[in-house]
Number of protein chains: 2
Amino acid sequence: MVDITALPACPVETTLTLISDKWKILIVRDLLDGTKRFSELRRSIGHISQKVLTANLRQMETDGLVSRKVYAEVPPRVEYSLTDTGRSLQTVIDALWDWGEQYKERVGVA
Amino acid sequence: MVDITALPACPVETTLTLISDKWKILIVRDLLDGTKRFSELRRSIGHISQKVLTANLRQMETDGLVSRKVYAEVPPRVEYSLTDTGRSLQTVIDALWDWGEQYKERVGVA
DNA sequence: CGGTATCCAAACTGATACTG
DNA sequence: CAGTATCAGTTTGGATACCG
């Protein structure tokens with residue numbers, strides 16, 4: 001569970017504590033498109049090792065951002081999706097997206 | 001100068017490349033209040049070493065987010081402020097702020 | 001397939017000392 | 001005051017091997 005007493009006073013820092021890691025934001029970005037399997041996620045994110053992806057997903061599960069569903073099949077299937085809290089990060093991702101576009105325009109990318 | 005060819009295709013990744021570092025966002029947050037001297041910035045951010053703060057400010061200067069002004073005085077005075085591009089991060093900080101507040105409410109009621 | 005365990009190199013950090 | 005230089009200690013990350 002989430003240890004709310006450990007969260008910083010400043011809301012900005014709270015958010016950073018949860019998603020300042022670059023990979024986490026990219027995981028959210030990709031899961032906003034819908035549920036994904038572990039291997040799909042790994043491919044869609046780009047260059048990320050299995051170890052690091054696993055570690056990030058575990059932490060995000062603990063923080064209540066991501067939901068993990070294991071299917072008792074052979075071969076195994078594990079699906080990841082966003083919780084309501086995770087989905088609420090959409091506005092943050094949108095802000096990052098918009099700013100990134102603006103920045104490219106400012107520095108001169110067509 | 002900014003190496004625009006090095007920027008990722010995804011605008012979200014572009015933004016992360018520039019400010020995914022926790023300290024950079026806190027620097028922007030604090031400079032949004034106005035120009036600050038090096039030591040003021042260091043105090044307002046919280047626990048950050050001189051070395052790390054310097055490194056972050058240098059990178060942000062290179063990326064066109066922060067402006068550095070040196071006064072030829074004794075003792076020396078160096079003031080940091082946001083460029084227009086840096087100030088435009090206000091919307092991103094706001095999104096992070098709002099989400100952080102919402103998150104606390106969510107985990108608080110649970 | 002989706003992990004975990006282990007090893008090792010690289011990166012980051014903190015403390016300290018020194019400078020213009 | 002606002003840095004730079006240096007070095008030890010810790011953390012992180014990639015590569016590899018193996019398991020349910």
Side-chain angles (χ1 to χ4, degrees), chain A residues 3 6 8 13 16-28 30-31 33-63 65-83 86, chain B residues 3 6 8 13 16-28 30-31 33-63 65-83 86:
Chain A
D3 180 7
E13 288 193 56
L16 294 179
T17 300
L18 293 163
I19 55 158
S20 74
D21 190 340
K22 171 178 180 169
W23 296 123
K24 289 183 184 172
I25 301 183
L26 296 181
I27 289 168
V28 173
D30 291 349
L31 286 183
D33 293 337
T35 298
K36 278 197 167 67
R37 296 181 64 166
F38 184 84
S39 49
E40 285 181 295
L41 206 43
R42 196 175 169 193
R43 256 178 285 116
S44 70
I45 286 173
H47 186 67
I48 185 173
S49 72
Q50 192 174 41
K51 187 169 96 174
V52 173
L53 179 54
T54 300
N56 276 278
L57 287 169
R58 290 286 179 283
Q59 184 62 58
M60 293 171 79
E61 221 189 323
T62 301
D63 292 338
L65 301 178
V66 160
S67 171
R68 180 175 182 262
K69 182 162 189 186
V70 183
Y71 293 84
E73 300 175 358
V74 175
R77 183 157 57 106
V78 180
E79 287 185 349
Y80 291 92
S81 57
L82 293 176
T83 61
Chain B
D3 181 5
E13 289 192 56
L16 294 179
T17 300
L18 294 163
I19 55 157
S20 72
D21 189 340
K22 171 178 180 170
W23 297 121
K24 289 184 183 171
I25 301 182
L26 297 181
I27 289 168
V28 173
D30 291 350
L31 285 183
D33 294 337
T35 298
K36 279 195 166 69
R37 298 182 63 166
F38 184 84
S39 50
E40 286 181 295
L41 206 43
R42 196 176 169 194
R43 255 177 286 117
S44 69
I45 286 175
H47 186 67
I48 185 173
S49 74
Q50 193 174 38
K51 188 169 89 173
V52 172
L53 179 54
T54 300
N56 275 280
L57 287 169
R58 290 286 179 284
Q59 184 61 58
M60 293 171 78
E61 221 189 325
T62 301
D63 293 336
L65 302 178
V66 158
S67 172
R68 178 174 183 264
K69 183 163 187 185
V70 183
Y71 293 84
E73 301 175 359
V74 176
R77 182 156 58 105
V78 180
E79 287 185 348
Y80 291 92
S81 57
L82 294 177
T83 61

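This one's a predicted model, so the numbers in the text were calculated from it and none came from an experiment. Each chain gets a letter, A, B and so on, in the order its sequence line appears, and its residues count up from 1.
Between A/R68 atom CZ and C/dC1 atom P there is a gap of 16 Å when expressed in whole angstrom units. Rounded to whole angstrom, the span from the CG atom of A/L53 across to the P atom of C/dG3 amounts to 8 Å. Rounded to whole Å, the distance from CZ on A/R37 to P on C/dG3 is 10 Å.
The two atoms that bring A/L57 and A/V66 nearest to each other are CD2-CG1, 4.4 Å, heavy atoms only. Between B/T35 and B/S81, the closest heavy-atom pair is OG1-CB, 3.4 Å.
Remark: A/P76 in residues 70-82 of chain A come within less than 4.0 Å of DNA chain D through at least one heavy atom.
For the pair A/S67 (side chain) and A/L82 (backbone), a donor-acceptor distance under 3.5 Å is absent.
Rounded to the nearest 0.5 Å, atoms CG (B/L41) and CD1 (B/I27) are 6.0 Å apart. Between A/M60 atom CE and A/L31 atom CG the span is 7.0 Å, to the nearest 0.5 Å. Within the model, atoms OG1 of B/T62 and CG of B/L18 stand 11.0 Å from one another, a figure rounded to the nearest 0.5 Å.
For B/P8, the side-chain contact (heavy atoms from CB on, under 4.5 Å) criterion is met by B/E13, B/T14, B/T17, not counting sequence neighbours. Residues passing the side-chain hydrogen bond (donor to acceptor under 3.5 Å, both in side chains) test with A/S44, sequence neighbours excluded: A/D30. For B/R68, the side-chain contact (heavy atoms from CB on, under 4.5 Å) partners at least two apart in sequence or on another chain are B/R58, B/E61, B/V70, B/V78, B/Y80. The salt bridge (charged side-chain N to carboxylate O under 4.0 Å, His left out) test applied to A/R77 returns A/E73, A/E79, not counting sequence neighbours. In this structure B/D21 satisfies the side-chain contact (heavy atoms from CB on, under 4.5 Å) test together with B/W23, B/K24, B/N56, sequence neighbours excluded.
Counting any heavy atom pair closer than 4.0 Å across all strands shown, B/R42 reaches no nucleic acid atom.
Looking at A/L65 and A/I19, their side chains come closer than 4.5 Å, going by heavy atoms from C-beta outward.
Overall, the helix from C/dC1-D/dG20 to C/dG20-D/dC1 carries an axis bend of 50° between its ends, with five pairs at each end and the value rounded to 10°.
Think of the region where chain B sits on DNA chain D: with heavy atoms and a 4.0 Å cut, that region ends 5' and 3' at D/dC1 to D/dC7.
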Using residues 48-55 of chain B as the side-chain source, report each donor-acceptor pair under 3.5 Å to any protein atom, sequence neighbours left out, with the distance given to one decimal.
unit_1 : atom_1 : unit_2 : atom_2 : d
B/S49  : OG     : B/V52  : N      : 3.2
B/T54  : OG1    : B/Q50  : O      : 2.8

Check nucleotides 8-17 of chain C for protein N or O atoms closer than 3.5 Å to its own N or O atoms and list the pairs.
unit_1 : atom_1 : unit_2 : atom_2 : d
C/dG14 : O6     : B/K51  : NZ     : 2.2

